[in-house]
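Just so it is clear, the structure is predicted and the values come from calculations on it, not from any experiment. Because only heavy atoms are used, hydrogens play no part in the values below, and waters and symmetry mates are left out as well, while side chains stay in.
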Amino acid sequence: MVGLKPSDVPPTPAVKFIAAGTAACIADLFTFPLDTAKVRLQIQGETTGSGAANGIRYKGVFGTISTIVKTEGPKSLYNGLVAGLQRQMSFASIRIGLYDTVKLFYTNGKEKAGIGSRILAGCTTGALAVTVAQPTDVVKVRFQAQANLQGVKRRYNGTMDAYKTIAKKEGVRGLWKGTFPNVTRNAIVNCTELVTYDVIKENLLHYKLMTDNLPCHFVSAFGAGFCTTVIASPVDVVKTRYMNSPPGQYKSALNCAWTMITKEGPTAFYKGFVPSFLRLGSWNVVMFVSYEQLKRAMMMSKQRMEYAV
């Protein structure tokens, strides 16, 4: 349509919900090997694997990826991808897609939101998303931690088998294992990620340093990824180890954290920091850029259909 601009059309909550889940899946497809490397580095130091798996040492993000490819084949970099995509469609749709709606709720419908309202909105959608999507996260982490080596028995034969096996052996509670550290982590991640993106983008536009287009989204997303990694890394490591642990290894998430600090020292909380940043930084860039473009494309399509009718 002549004179029609996507930026003039505010996206509806439904559009944001669908666009957020889809954009997160696109980001996962690009960055999943980095996430797998992060998980392997984070669980390194535990002594629960078989002799063959324990004999492998990972060094650095690219060294870890190289080791996985050499010892298990390139397909292992995408272990747990199905559960990962299931997670993003249920998880990102809520925590990112509903963020603006919840933010408006806390500001009583006012467009101008303070830091407090943004943090509350981030905490709310992050906690709600974890509650819904936790089983998919448990399965994803366990698949990523699983080494595909000869002589090493596989814990699960497929995604559905993993859900069934965990529920059968550990009870339904096993599917929500690590919910507390995950809620904590995602409250932190969501607040840092969305609020930082929001603030950086808002200031870039306010001071006319950039216009509301791809370069602005790229810079805002990269800054959000770095800040999030620094703040959330300790909780992320505890979450990963606790969710991957067999029954009885740790009494609780706090016990897991205490075991780490007494046995491995405080630096254990930043294991896998580089792959975490590479993953979160690149994930944020791909996700937010895709999210912004998908919102615009969906609203343009919706408006064209309305004009056609």
Side-chain angles (χ1 to χ4, degrees), residues 1-32 81-113 117-118 120-122 124-126 128-133 136 186 190 193-206 208 210-222 224-225 282-309:
M1 307 296 293
V2 178
L4 190 65
K5 293 181 181 179
S7 56
D8 296 334
V9 186
T12 63
V15 165
K16 291 177 183 177
F17 188 86
I18 296 167
T22 306
C25 285
I26 293 169
D28 252 25
L29 288 171
F30 280 97
T31 63
F32 208 78
L81 178 63
V82 174
L85 296 178
Q86 290 172 349
R87 174 180 179 268
Q88 293 300 355
M89 280 309 298
S90 55
F91 181 68
S93 297
I94 295 171
R95 79 174 185 92
I96 298 169
L98 296 183
Y99 171 72
D100 287 332
T101 304
V102 174
K103 188 170 66 176
L104 282 173
F105 170 78
Y106 283 122
T107 58
N108 294 317
K110 296 175 185 175
E111 288 291 334
K112 187 72 175 176
S117 299
R118 297 180 194 200
L120 278 172
T124 303
T125 59
L128 179 61
V130 170
T131 306
V132 173
T136 61
N186 279 291
N190 223 37
E193 190 176 82
L194 296 180
V195 173
T196 305
Y197 180 81
D198 229 2
V199 170
I200 293 173
K201 180 183 170 184
E202 191 176 90
N203 279 283
L204 288 173
L205 297 176
H206 178 74
K208 294 181 171 58
M210 290 182 171
T211 55
D212 190 5
N213 52 28
L214 197 145
C216 174
H217 305 154
F218 179 93
V219 171
S220 303
F222 189 83
S282 56
W283 191 91
N284 269 270
V285 168
V286 177
M287 194 286 297
F288 277 115
V289 169
S290 300
Y291 179 47
E292 298 280 7
Q293 299 308 310
L294 281 168
K295 281 193 299 182
R296 293 185 181 192
M298 289 172 74
M299 288 309 296
M300 283 292 290
S301 177
K302 182 174 181 288
Q303 194 170 53
R304 286 196 182 100
M305 288 173 67
E306 288 173 352
Y307 270 95
V309 172

Point-to-point distance, once rounded to the nearest 0.5 Å, from [atom1] of [X] to [atom2] of [Y]:
X	Y	atom1	atom2	value
Met287	Thr31	CE	OG1	11.0 Å
Trp283	Gln88	CH2	CD	5.0 Å
Ile96	Phe17	CD1	CZ	11.5 Å
Asn203	Met210	CG	CE	12.5 Å
Arg87	Leu81	CZ	CG	12.5 Å
Asn284	Leu194	CG	CG	8.5 Å

For [X] versus [Y], what's the shortest heavy-atom pair and its separation?
X	Y	result
Phe30	Val286	CD1-CG1, 4.1 Å
Ala133	Ser90	CB-OG, 3.4 Å
Phe32	Gly84	CE1-CA, 4.3 Å
Ala20	Gly97	CB-N, 3.6 Å
Ser220	Leu204	OG-CD1, 3.7 Å

If we check side chain to side chain contact (heavy atoms under 4.5 Å, CB included) with Tyr99, which of these qualifies: Lys16, Glu193, Arg118?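 It is Arg118, the one option of Lys16, Glu193, Arg118 that forms the side chain to side chain contact (heavy atoms under 4.5 Å, CB included) with Tyr99.
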Taking atom OH of Tyr106 as the centre, does the number of heavy atoms from other residues, nucleotides or ligands within less than 6.0 Å exceed 12?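 Check passes, neighbour count above 12.
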When you compare the side chain of [Y] with that of [X], does any pair of heavy atoms fall below 4.5 Å?
X	Y	value
Arg296	Asp212	yes
Val130	Phe91	yes
Leu214	Glu292	no
Leu205	Lys201	yes

Between Asn190, Thr124, Thr125, which is the residue that forms a side chain to side chain donor-acceptor pair (under 3.5 Å) with Arg95?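 Going through the options one by one, the only one that passes is Asn190.
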Would you call Lys103 and Asp198 a salt bridge, taking side-chain N to carboxylate O under 4.0 Å as the test?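 So Lys103 pairs with Asp198 through a salt bridge.
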Classify the ring geometry between His217 and Tyr197 as parallel (under 30°), tilted (30 to 60°) or perpendicular (over 60°).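 Tilted, since the angle between the ring planes falls between 30° and 60°.
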